[in-house]
Amino acid sequence: MKRVGKKTSRAERKALRPHEILEAAFEEFAAKGYAATRVEDIATRLRITKGTVYLYFPTKDVLFQEMFRHASTSSADPSTAIGCLRGSCADRIRDLLLIAYENTANDRRTRELLRLSVAEGTRLPKMVDCRHELFIAPTLAALTTLVEEGVKSGELRHDTATDTPDVLASSIFQVAVWHLMLADRRPIDGRALMEAHIDLVMNGLLRRSERIT
């Protein structure tokens, strides 16, 4: 007997519509940027009218900001991964950096949000602040905690990198920006670059007896 799929009710379709609009808006803004994207293009992608889009999002500016918030919160959340880290401080720092790399430099949605942040950040600073609060700040806070723990236990030595944990994550953004600007013409092995960077900074942080050879 042929099974008949459950039909989506009018109320369910209406409830899903904002999510669908935001997903379509992400694709259009990512492909064309803010200025070149028209609300009509987003509506056409969904086969709805422009008026339907405006019913949920009254202006293009509101739509863009809500799209950015939606895309940020629906991409990988680092907090769960941070809580699962195990091993020595050095092991956990290395694993955290690789997780952050996968969630940032190696994730299309995150890379496109980075592109939009650079392009529109001066006009919409709250948008960039939102992204920082959700992803960058938790990662840097976790790195700071791990480095401080390692120094206190004697596993890590105290130096400039200890006071500036941002340097530990710097290659993540280097790889992400490289992919955005030059991926099609000058591709690089981002994972290999990350591994080399981690090896370099960890040998700088570890006490001499603990250094990787």
Side-chain angles (χ1 to χ4, degrees), residues 68-118 121 125 127-213:
F68 195 93
R69 186 176 294 108
H70 167 78
S72 293
T73 54
S74 62
S75 54
D77 182 352
S79 59
T80 302
I82 289 170
C84 296
L85 298 174
R86 298 290 182 271
S88 67
C89 285
D91 289 338
R92 282 178 283 159
I93 289 171
R94 181 182 183 280
D95 290 344
L96 175 57
L97 289 172
L98 290 176
I99 290 168
Y101 163 74
E102 292 296 336
N103 289 349
T104 303
N106 209 33
D107 179 79
R108 173 187 172 256
R109 180 171 292 231
T110 306
R111 289 202 308 270
E112 293 301 337
L113 291 175
L114 175 60
R115 186 201 303 275
L116 291 169
S117 296
V118 173
M127 177 184 73
V128 180
D129 290 343
C130 171
R131 186 69 188 173
H132 183 275
E133 181 181 343
L134 287 170
F135 291 92
I136 300 175
T139 301
L140 293 180
L143 282 172
T144 300
T145 299
L146 287 172
V147 170
E148 289 175 348
E149 180 185 333
V151 171
K152 186 175 181 179
S153 68
E155 182 182 348
L156 306 180
R157 65 190 183 89
H158 188 280
D159 67 0
T160 306
T162 309
D163 297 325
T164 317
D166 308 53
V167 73
L168 301 176
S170 59
S171 280
I172 296 170
F173 299 103
Q174 177 190 351
V175 174
V177 172
W178 187 282
H179 281 321
L180 287 174
M181 295 175 61
L182 299 166
D184 295 335
R185 301 183 304 283
R186 297 180 182 274
I188 58 170
D189 186 338
R191 178 72 180 223
L193 191 150
M194 275 300 305
E195 294 278 6
H197 176 76
I198 292 170
D199 181 67
L200 181 66
V201 296
M202 292 313 302
N203 274 301
L205 281 174
L206 288 168
R207 291 191 175 278
R208 188 173 298 276
S209 60
E210 303 289 336
R211 291 183 183 179
I212 304 166
T213 56

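None of these values were measured; they are calculated from a predicted model.
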Asker: Are any of the side-chain nitrogens in Glu195 or Arg191 under 4.0 Å away from the carboxylate oxygens of its partner?
Answerer: yes
Asker: Got Leu98 and Ile198 here, is their nearest side-chain heavy-atom distance under 4.5 Å?
Answerer: yes
Asker: Once rounded to the nearest 0.5 Å, what's the spacing between atom CG of Leu96 and atom CG of Leu143?
Answerer: 4.5 Å
Asker: Can you give me the closest heavy-atom contact between Arg86 and Asp95, atom names plus distance?
Answerer: O-OD2, 4.4 Å
Asker: Under a 4.0 Å threshold between the charged nitrogen and the carboxylate oxygen, would Lys152 count as salt-bridged to Glu149?
Answerer: no
Asker: Just to verify, what does Ser171 make a side chain to side chain donor-acceptor pair (under 3.5 Å) with, not counting sequence neighbours?
Answerer: His197
Asker: Report the residue from Arg115, Arg108, Arg109 that forms a side-chain hydrogen bond (donor to acceptor under 3.5 Å, both in side chains) with Glu112.
Answerer: Arg115
Asker: Spell out, as yes or no, whether a donor-acceptor pair under 3.5 Å connects the side chain of Glu155 to the backbone of Cys89.
Answerer: yes
Asker: Minimum heavy-atom separation for Leu156 to Leu146, with atom names?
Answerer: CD1-O, 4.3 Å
Asker: Quick one: pull up CE in Met202 and CD1 in Ile93 and give me the separation to the nearest 0.5 Å.
Answerer: 4.5 Å
Asker: So, for Ser117 and Val128, which heavy atoms are closest and what is the spacing to 0.1 Å?
Answerer: O-CG2, 4.0 Å
Asker: So, for Leu140 and Ala169, which heavy atoms are closest and what is the spacing to 0.1 Å?
Answerer: CD2-CB, 4.5 Å
